[in-house]
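Here the structure is a predicted model, which means the values were calculated and not measured.
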Amino acid sequence: MLRQGRPGVDVYQRQSNAVFDAAIERGRHRFGDSSLIPRRDGIKPLLRAVRDEGRAFFNMPDMDFGRKESAFVPFFGVPAATLLAPARMAQSMDMLVQPIVVTMLPRGQGYVVRFCEAPEGFDNPDLPQAAAAFNRWLEARIREQPAQYYWVHRRFKTRPEGEARIY
């Protein structure tokens, strides 16, 4: 999360290695007032943090969390399990959606942070269409700077019924 005046909240997946987990959590708290909700706690604590505490929600929209609450929508032409919750939350809570693109500078010189407009179509009440709109927006940002994307992330680990595994 970025250093900012407004507190933020994010969902966090605990790591099995306690030392690694502590290092990741320290790193996530280094930029100011942030709250981490363990993924296993579900969505209710996240909704309360946004609604009741006014926290900004930071979301990594390209994570594959499986079939539950997801739709298979194209990501670089491949069906990808894409969460519907970000669009549902944004629409039901009338949230401002502002994607952020972070670019690492060479030789550890820092970062460039670019604040963008919400993707066209992300407000579509048809949630799979809204998810597909976000994927198209994300693909365009990745094409601008492909070396900056975290390619080792297993984006296609969940496959539609009957389709072969990729990994």
Side-chain angles (χ1 to χ4, degrees), residues 1-2 8-17 20-21 23-25 27-28 34 36-44 46-47 50 56-106 111-167:
M1 290 190 251
L2 301 171
V9 62
D10 197 359
V11 177
Y12 176 62
Q13 177 67 42
R14 295 233 179 267
Q15 305 299 304
S16 57
N17 180 307
F20 188 58
D21 185 69
I24 289 175
E25 196 163 343
R28 287 185 147 194
S34 61
L36 295 175
I37 308 283
R39 185 172 163 223
R40 71 176 181 276
D41 289 358
I43 192 133
K44 287 182 181 178
L46 172 65
L47 296 176
V50 171
F57 173 44
F58 295 91
N59 178 247
M60 303 294 191
D62 62 336
M63 300 297 289
D64 180 341
F65 288 118
R67 284 183 173 78
K68 188 176 179 183
E69 298 294 320
S70 295
F72 286 99
V73 297
F75 187 66
F76 287 105
V78 179
T82 305
L83 287 174
L84 301 175
R88 181 181 298 120
M89 279 180 62
Q91 292 173 26
S92 68
M93 298 177 76
D94 197 27
M95 297 171 77
L96 170 67
V97 175
Q98 185 167 40
I100 300 170
V101 176
V102 180
T103 303
M104 292 184 291
L105 296 175
Y111 302 89
V112 172
V113 179
R114 183 171 45 135
F115 295 84
C116 305
E117 296 292 322
E120 186 176 326
F122 190 64
D123 57 353
N124 191 325
D126 180 325
L127 296 177
Q129 290 298 319
F134 202 95
N135 278 358
R136 285 190 302 275
W137 179 89
L138 186 57
E139 289 172 15
R141 303 299 74 74
I142 293 168
R143 283 186 177 101
E144 292 170 1
Q145 299 182 79
Q148 295 284 330
Y149 187 64
Y150 190 63
W151 291 105
V152 298
H153 168 61
R154 293 176 27 163
R155 181 65 183 99
F156 306 105
K157 66 184 175 189
T158 304
R159 304 301 305 138
E161 284 297 323
E163 288 202 19
R165 301 178 97 188
I166 292 178
Y167 306 107

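Between Ala90 and Val97, the shortest heavy-atom distance links the atoms CB-CG2, 3.6 Å. Closest non-hydrogen pair, Ala71 versus Leu84, comes out as CB-CD2, 3.8 Å. Of all heavy-atom pairs between Phe58 and Gly8, the closest is CE1-CA, 3.6 Å. Here the shortest heavy-atom pairing between Ala81 and Thr158 reads CB-CB, 4.0 Å. Nearest heavy-atom pair across Met63 and Met60 is CG-O, 3.4 Å. Taking every heavy atom of both residues into account, Asn124 and Ala130 meet most closely at O-CB, 3.6 Å.
Considering CH2 of Trp137 and CD1 of Ile142, their distance stands at 9.0 Å, rounded to 0.5 Å. Interatomic distance, CG of Leu138 versus OG1 of Thr82, reported as 9.5 Å (0.5 Å rounding). In this structure, CE on Met89 lies 5.0 Å from CG on Leu47, to the nearest 0.5 angstrom.
Note on residues 83-97: pairs passing side-chain hydrogen bond (donor to acceptor under 3.5 Å, both in side chains), not counting sequence neighbours, are Glu69-Arg88.
In this pair, Trp151 and Tyr149 present their aromatic rings perpendicular. The plane angle is above 60°, beyond the 30 to 60° band.
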Q: Evaluate the side-chain contact (heavy atoms from CB on, under 4.5 Å) criterion for residues Val101 and Phe115: first the C-alpha distance (whole Å), next the side-chain angles of each, then the deciding distance (0.1 Å), finally the verdict.
A: CA-CA 7 Å; Val101 176; Phe115 295 84; over 6 Å; no
(Q) Using the rule given for side-chain contact (heavy atoms from CB on, under 4.5 Å), can you reason through Tyr12 versus Arg39, listing the C-alpha separation, both sets of side-chain angles and the distance that settles it, and then say yes or no? (A) CA-CA 5 Å; Tyr12 176 62; Arg39 185 172 163 223; over 6 Å; no
Q: Using the side-chain contact (heavy atoms from CB on, under 4.5 Å) rule, take Leu46 and Val9 through it: C-alpha gap first, then chi angles, then the decisive distance, then the call.
A: CA-CA 7 Å; Leu46 172 65; Val9 62; 3.6 Å; yes
Q: Take Ile100 and Arg114, measure what side-chain contact (heavy atoms from CB on, under 4.5 Å) needs, and give me the verdict at the end.
A: CA-CA 6 Å; Ile100 300 170; Arg114 183 171 45 135; over 6 Å; no
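Contact annotation: the side chain of Phe65 approaches that of Leu83 to within less than 4.5 Å [non-hydrogen atoms, C-beta and beyond]. Pro86 is listed as a side-chain neighbour of Asn59, based on a closest heavy-atom distance under 4.5 Å.
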Taking only distance into account, with no hydrogens and no angle test, what donor-acceptor pairs under 3.5 Å do side-chain atoms of residues 116-123 form with protein atoms, sequence neighbours excluded?
none

Under 3.5 Å donor-acceptor pairs involving side-chain atoms of residues 160-167, not counting sequence neighbours:
unit_1: Glu163; atom_1: OE1; unit_2: Arg159; atom_2: NH2; d: 2.6
unit_1: Tyr167; atom_1: OH; unit_2: Arg155; atom_2: N; d: 3.1
unit_1: Tyr167; atom_1: OH; unit_2: Phe156; atom_2: N; d: 3.1

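In terms of modelled atom types and a separation under 3.5 Å, the side chain of Asn135 and the main chain of Pro74 share a donor-acceptor contact. When atom types are taken as modelled, the side chain of Asp64 and the backbone of Lys157 share a donor-acceptor pair closer than 3.5 angstrom. With Gln15 contributing its side chain and Gln13 its backbone, the two residues share a donor-acceptor pair below 3.5 Å.
In summary, Glu144 and Arg141 engage in a salt bridge, as defined by a charged side-chain N under 4.0 Å from a carboxylate O. Using a 4.0 Å cut-off between a side-chain N of Lys or Arg and a carboxylate O of Asp or Glu, Arg14 and Asp21 qualify as a salt bridge.
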